[in-house]
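Beneath this line is the structure, given in structure tokens, with notes to follow.
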Amino acid sequence: MTTLADLIGVLDAAYPPALAEPWDSVGLVCGDPAEELTRVLFAVDATAAVVDEAIDWRAQALVVHHPLLLRGVDTVAASTPKGALLHRLIRSGCALFTAHTNADSADPGVSDALAAALGLTVTGPLDAKPESAVDHWVIQVPRTHTDAVLAALFAAGAGRREHACDCALRVPATGQFRPTPEQGSLTELQHVEEDRVEVTAPPAARSAVLAALRAAHPSADPAYHISERAQLPSSLGIGRVGTLPEPESLRAFTERVGRALPPTAWGVRAAGDPDRTVYTVAVCGGAGDSYLGRAAGLGVDVYLTSDLRHHPVDEHLRKGGPAVVDAAHWATEFPWCAQAETVVRTALPGLETRVSTLRTDPWTVRAPG
């Protein structure tokens, strides 16, 4: 039997909640993790029409990209638009789960799906998400006290990873020391059976870990060493940078985007010389005007995102930035639905899954130009 908890585990592994921005709201919105699942629907937004589709199809879970309850609310009464949707989902036994900025920064994530739709070869993130700082502790412990010292370190916050706890390396070793003359007449070299213990811990826990070590270690002056992990290049982060199979004009690239993404009233538009050659491409699914400077700094030929505004684009081009292509917000994130569906179908092959083809882009009419 596959449960909602199984689905949550798969999605959290693919799109770790820790990658979400601090202001975001991701994860399970409603539903009982113990409930059995047979059908899961994927969509960008939990609109009324998408909820209708999930209920009519008798899905037990609806997985979306955009949070239904992003900003703080003080009611989900059925008399409110969003509350009404939640009540309908709960009464129909359909859970709601959101993967938003955690799916944006994951590898692969939203922008990887967008890049794949365009035929890009990805070379890295547009704005890399720095790895969390981690302390690496190396401690010498008499073997008789290793278990007690480790227990104290774990209680202080050491040895925790994303999907595990009480993590440590312990290596048998032989310690040596020579007593100083003031400690007695015996000055011969002494040997002690010890363990070399290694644990990791967040820098914020440094004081607590040190206090726990000193309290549990039999020596008043325990031997230890702390080093901090260097910042390394990361494949995690917002957006992606890649290359086209061959150089082409901005006009041709814009047409490529139009063919690759589902049609919308918003359409696809470009800013820049239509005949300029483009080869290196930055993409950011969803609203990405805050990364115009980042795209310019990386020296790409063109930047594709959505929700671009007149003045930021004008200033960007005046400064000599790359050409920009603006597509509908919903369209740039829609390829992620198929990616998430593949992740779930691969891990939970017993489920029946489907991507909603309903266009949840709010723009519905385009006047002929």
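- In this structure, the side chain of D195 does not engage the main chain of V197 through any donor-acceptor pair within 3.5 Å.
- No option in T254, T332, V278 other than T254 meets the side-chain contact (heavy atoms from CB on, under 4.5 Å) test with V325.
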### Task
Go through the steps for D307 and D289 under the test side chain to side chain contact (heavy atoms under 4.5 Å, CB included), then give the verdict.
CA-CA 7 Å; D307 295 346; D289 63 352; over 6 Å; no
### Message
Working note: W330 + R359, criterion side chain to side chain contact (heavy atoms under 4.5 Å, CB included); need CA distance, chi angles, decisive distance, verdict.
### Response
CA-CA 8 Å; W330 169 82; R359 281 161 175 73; 3.3 Å; yes
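- Within a 6.0 Å radius of CZ in R39, other residues, nucleotides and ligands contribute more than 12 heavy atoms.
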#### Entry: Evaluation steps, side chain to side chain contact (heavy atoms under 4.5 Å, CB included), between L189 and F177
CA-CA 6 Å; L189 190 65; F177 67 96; 6.0 Å; no
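- The structure places CG of D104 at 7.0 Å from SG of C284, a figure rounded to the nearest 0.5 Å.
- Remark: C30 SG to L86 CG distance equals 5.5 Å, nearest 0.5 Å.
- Residue V141 is grouped with residue V199 when hydrophobic side chains (ILVMFWY) are merged at heavy-atom distances under 4.5 angstrom, including chains of intermediate members.
- Looking only at distances, a side-chain donor or acceptor of D32 sits under 3.5 Å from a matching main-chain atom of A34.
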Just distance, no hydrogens or angles: give the donor-acceptor pairs under 3.5 Å from side chains in residues 71-81, sequence neighbours left out.
from : atom 1 : to  : atom 2 : distance (Å)
T75  : OG1    : A77 : N      : 3.0
T80  : OG1    : A77 : O      : 2.7
T80  : OG1    : G83 : N      : 3.1

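- Under the 4.5 Å side-chain heavy-atom criterion for grouping Ile, Leu, Val, Met, Phe, Trp and Tyr, V29 is not connected to V44 through any hydrophobic cluster.
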What donor-acceptor contacts under 3.5 angstrom involve side-chain atoms of residues 89-100, with partners at least two apart or in another chain?
from : atom 1 : to  : atom 2 : distance (Å)
S92  : OG     : R88 : O      : 2.9
H100 : ND1    : D24 : OD1    : 2.9
H100 : ND1    : D24 : OD2    : 3.2

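- No more than 12 heavy atoms of other residues, nucleotides or ligands shown are found within 6.0 angstrom of NE2 on H311.
- L4 and G31 get closest at one heavy-atom pair: CD2-C, 3.9 Å.
- Contact annotation: the side chain of I226 never approaches that of V209 to less than 4.5 Å [non-hydrogen atoms, C-beta and beyond].
- Between the side chain of D326 and the backbone N or O of L308, at least one donor-acceptor pair lies under 3.5 Å.
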### Task
Given side chain to side chain contact (heavy atoms under 4.5 Å, CB included), test Q176 with V192 step by step and report yes or no.
CA-CA 6 Å; Q176 70 174 46; V192 181; over 6 Å; no
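- Looking at D135 and S227, their side chains never come closer than 4.5 Å, going by heavy atoms from C-beta outward.
- When atom types are taken as modelled, the side chain of T123 and the backbone of V241 share a donor-acceptor pair closer than 3.5 angstrom.
- Using a 4.0 Å cut-off between a side-chain N of Lys or Arg and a carboxylate O of Asp or Glu, E53 and R354 qualify as a salt bridge.
- With respect to R206 and E228, a salt bridge is recorded, a charged nitrogen being found less than 4.0 Å from a carboxylate O.
- Annotation: side chain of L120 is not in contact with side chain of R240 (no heavy-atom distance under 4.5 Å).
- In this structure, the side chains of F42 and T353 come closer than 4.5 Å at one or more pairs of heavy atoms.
- No more than 12 heavy-atom neighbours from other residues, nucleotides or ligands sit within 6.0 angstrom of CG on D221.
- Using a 3.5 Å distance cut-off with no hydrogens or angles, the side chains of D6 and T3 do pair a donor with an acceptor.
- A chain of hydrophobic side-chain contacts below 4.5 Å, direct or via other Ile, Leu, Val, Met, Phe, Trp or Tyr residues, connects L68 to L358.
- Distance check: D166 CG to R160 CZ gives 8.5 Å after rounding to the nearest 0.5 Å.
- Remark: T47 OG1 to L85 CG distance equals 8.0 Å, nearest 0.5 Å.
- Inter-residue side-chain proximity for V324 and T305 is flagged as unmet; no heavy-atom pair is nearer than 4.5 Å.
- Side chains of L114 and L304 form a contact here, defined as non-hydrogen atoms less than 4.5 Å apart.
- Ion pairing of K129 with D107 is absent here, as no side-chain N (NZ or NE/NH1/NH2) approaches a carboxylate O to less than 4.0 Å.
- For W336 and H65, the ring centers are positioned less than 6.0 Å apart.
- Using a distance-only test at 3.5 Å, with no hydrogens or angles considered, no donor-acceptor pair links the side chain of Q140 to the main chain of G175.
- A donor-acceptor pair is defined here as one N or O able to donate and one able to accept, closer than 3.5 Å; such a pair exists between the side chain of T264 and the backbone of G267.
- For the pair Y303 (side chain) and G288 (backbone), a donor-acceptor distance under 3.5 Å is present.
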### Message
Using the rule given for side-chain hydrogen bond (donor to acceptor under 3.5 Å, both in side chains), can you reason through Q60 versus T38, listing the C-alpha separation, both sets of side-chain angles and the distance that settles it, and then say yes or no?
### Response
CA-CA 7 Å; Q60 293 88 31; T38 58; 2.9 Å; yes
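- Classification of R58 and E352 as a salt-bridged pair fails, no side-chain N sitting under 4.0 Å from a carboxylate O.
- Within the 4.5 Å cutoff, the side chain of D147 has heavy atoms near those of the R170 side chain.
- The existence of a salt bridge linking E194 and R143 is excluded, since no basic side-chain nitrogen approaches an acidic carboxylate oxygen closer than 4.0 Å.
- No side-chain heavy atom of L210 sits less than 4.5 Å from a side-chain heavy atom of S207.
- Taking all atoms of both residues into account, the shortest heavy-atom contact from A43 to L62 is CB-CD1, 4.5 Å.
- Clustering ILVMFWY residues whenever any of their side-chain heavy atoms sit less than 4.5 angstrom apart, transitively, puts L28 in the very cluster that holds L351.
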### Task
Carefully, step by step, assess H329 and H66 under the rule side-chain hydrogen bond (donor to acceptor under 3.5 Å, both in side chains).
CA-CA 11 Å; H329 190 125; H66 290 148; 3.3 Å; yes
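- When all heavy atoms of A260 and A117 are compared, the closest pair comes out as CB-O, 3.3 Å.
- Counting all heavy atoms, side chain and backbone alike, A328 lies closest to S306 at C-CB, 3.9 Å.
- When atom types are taken as modelled, the side chain of R366 and the backbone of W266 share a donor-acceptor pair closer than 3.5 angstrom.
- Atom CD in E341 sits 9.5 Å away from atom OG1 in T346 (nearest 0.5 Å).
- Checking side-chain atoms of T101 against main-chain N and O of E21 turns up a donor-acceptor pair under 3.5 Å.
- Taking each heavy atom of V40 and W57 in turn, the nearest pair found is O-CZ3, 3.5 Å.
- Under the 4.5 Å side-chain contact rule for hydrophobic residues, L118 and Y291 do not share a cluster.
- One finds no salt bridge joining R178 and E188 here, because no Lys/Arg side-chain nitrogen approaches an Asp/Glu carboxylate oxygen to under 4.0 Å.
- Distance check: E198 CD to H225 NE2 gives 10.0 Å after rounding to the nearest 0.5 Å.
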Result block: side-chain N/O donor-acceptor pairs under 3.5 angstrom for residues 293-301, not counting sequence neighbours:
from : atom 1 : to   : atom 2 : distance (Å)
R294 : NE     : L126 : O      : 2.8
D301 : OD2    : Y279 : N      : 2.8
D301 : OD2    : T280 : N      : 2.9
D301 : OD2    : T280 : OG1    : 3.2

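- Counting all heavy atoms, side chain and backbone alike, L41 lies closest to S356 at CD1-N, 3.8 Å.
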